[in-house]
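These values consider heavy atoms only, across backbone and side chains, with no hydrogens, waters or symmetry-generated copies.
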Amino acid sequence: MGVRILFLGPLADLNGRNELTVTAPLDWTRLLDIVSPEMKAQLESDRVRIACAGKVLVHKADLQAVDGDEVAVLPPVSGG
Amino acid sequence: MGVRILFLGPLADLNGRNELTVTAPLDWTRLLDIVSPEMKAQLESDRVRIACAGKVLVHKADLQAVDGDEVAVLPPVSGG
Amino acid sequence: MRDVQLLHTAFDPHSVNAEFSVRHKLAGGLCSFVGQVRGEGGVQALELSHYEPLTLPGMQEIASRAIERFDLSGLLMLHRVGRMCPGEPIVCVSAAAPHRRGSFEAVDYCMDHLKSAAWFWKRELRGDDWHWIEPRAQDHADLKRWK
Amino acid sequence: MRDVQLLHTAFDPHSVNAEFSVRHKLAGGLCSFVGQVRGEGGVQALELSHYEPLTLPGMQEIASRAIERFDLSGLLMLHRVGRMCPGEPIVCVSAAAPHRRGSFEAVDYCMDHLKSAAWFWKRELRGDDWHWIEPRAQDHADLKRWK
């Protein structure tokens with residue numbers, strides 16, 4: 001199954017595609033290695049949050065995705 | 001024609017009837033003389049306003065109703 | 001575009017609002033408040049009296065001030081008079097504005113002023129007796145918010 | 001009684017509100033806000049994307065907090081996702097409460113939180129190009145009102 005990574009909102013555009021699947025497990029360091037330098041800068045920004053298995057992480061560096069998990073990369077929500 | 005005096009809201013009950021017609025002209029002193037002592041006390045209260053010919057008077061004592069005018073005695077409006 | 005009315009018979013706020021929103025399709029925000037006769041405290045009926053030469057002109061003035069103060073594309077203000085049963089609509093105020101905050105504040109402003117400054121007198125039928133509703137201190141506090 | 005939904009196709013807020021008011025006939029106050037796609041700035045279409053595992057649970061949480069905080073007898077919260085044209089409803093929040101202030105504040109609270117905290121991303125089609133809508137400072141100021 002692996003780990004599915006989803007890029008939401010404007011980050012889908014930045015990535016050129018809105019999802020990719022990688023082998024499990026996936027931690028924060030490996031996620032930063034996998035993505036483009038531009039996406040890496042976004043991921044490291046405080047504005048961007050990470051959800052794993054439907055829960056938004058309090059600390060992104062705590063990411064520990066196992067086989068079957070979905071990881072979502074969440075840019076700030078749009079204004080009213 | 002004379003001057004028609006209307007008692008609005010709870011003052012209609014106090015008066016036993018909600019209107020009366022008197023001969024013109026009608027000024028403040030005469031209005032106080034015409035009504036019952038209980039209504040006089042109401043009229044003299046700051047909570048009660050007077051309208052003459054569709055305009056609320058800034059000073060009740062300025063009342064000068066002429067033939068054909070309608071005078072309305074306005075208790076405070078009800079709460080929400 | 002404004003629509004201010006005193007109504008002597010029952011009305012349906014939702015069909016009125018549906019029509020209002022068609023007219024203001026391109027406004028960003030539509031806010032609406034509907035006040036209904038409450039069923040609590042054994043209220044069997046509510047009666048609202050008004051004074052024709054003052055009540056409607058007073059409502060028109062509240063509407064004019066709201067339109068002047070907030071950036072509105074439309075304002076609807078309907079108020080019942082006469083006898084009503086629990087569950088019946090008494091008042092409906094709706095505002096259309098380019099932005100949410102404007103539509104909200106306009107409805108809030110109109111309701112505060114209708115409750116405390118418009119010429120309406122209310123009495124309730126409870127236990128087969130009519131009771132006049134007194135002014136409330138809260139209403140005056142509400143009005144002060146806009147000074 | 002609460003009704004929180006993400007909608008993938010067009011909806012009619014007024015028929016929804018008519019039904020809501022029938023269910024809350026004896027509530028003293030019904031407040032409703034409808035947000036529509038604005039027609040200004042040459043916007044041809046608006047697209048809202050969401051993230052299924054977060055967006056609806058997030059809306060449910062906003063609803064729970066509003067019900068807990070304000071004295072509500074009912075809350076309705078509908079939000080569109082997908083592609084919409086100018087004039088189409090995006091969001092409808094309605095609250096029924098014994099008193100006006102509660103219904104007003106509940107809708108205001110839910111809208112502020114939906115705008116700034118719910119997981120929605122928007123882009124607009126203008127001049128045949130899609131433009132993402134950035135977060136707004138005003139939204140964060142709006143949120144702070146409830147702290």
Just checking heavy atoms, which of residues 48-67 of chain C are less than 4.5 Å from chain D? none
Within residues 101-114 of chain C, the residues sitting under 4.5 Å from chain D by heavy atom, in sequence order, are C/Arg101, C/Ser103, C/Phe104, C/Val107, C/Asp108, C/Met111, C/Asp112
Would you please name every residue forming a salt bridge (Lys or Arg N to Asp or Glu O under 4.0 Å) with D/Arg69, sequence neighbours left out? none
Working note: C/Glu124 + C/Ile133, criterion side-chain contact (heavy atoms from CB on, under 4.5 Å); need CA distance, chi angles, decisive distance, verdict. CA-CA 7 Å; C/Glu124 288 176 351; C/Ile133 311 294; 3.4 Å; yes
Most chain C-contacting option - heavy-atom pairs closer than 4.5 Å, from D/Gly87, D/Pro89, D/Pro86: D/Gly87
Residue among D/Ser21, D/Pro13, D/Gly28, D/Cys92 with most heavy-atom pairs under 4.5 Å to chain C: D/Gly28
For [X] and [Y], work out which heavy atoms get closest and say how close.
{"X": "D/Asp129", "Y": "D/His131", "result": "O-CD2, 3.1 Å"}
{"X": "C/Trp130", "Y": "C/Leu46", "result": "CZ3-C, 4.3 Å"}
{"X": "D/Lys122", "Y": "D/Trp132", "result": "O-CE3, 3.2 Å"}

All pairs passing side chain to side chain donor-acceptor pair (under 3.5 Å) where residues 70-82 of chain C contributes a residue, at least two apart: C/Arg80-C/Glu88
C/Asn17, C/Leu30, C/Val93 screened by side-chain contact (heavy atoms from CB on, under 4.5 Å) with C/Leu76, the one that passes: C/Asn17
Can you tell me if D/Gln44 has over 12 outside heavy atoms packed within less than 6.0 Å of its CD? yes
Counting N and O atoms only, with roles assigned by atom type, does the side chain of D/Gln36 sit under 3.5 Å from a partner on the main chain of C/Lys25, one being a donor and the other an acceptor? yes
Is there a donor-acceptor pair closer than 3.5 Å between any side-chain N or O of C/Arg38 and the backbone N or O of D/Pro98? yes
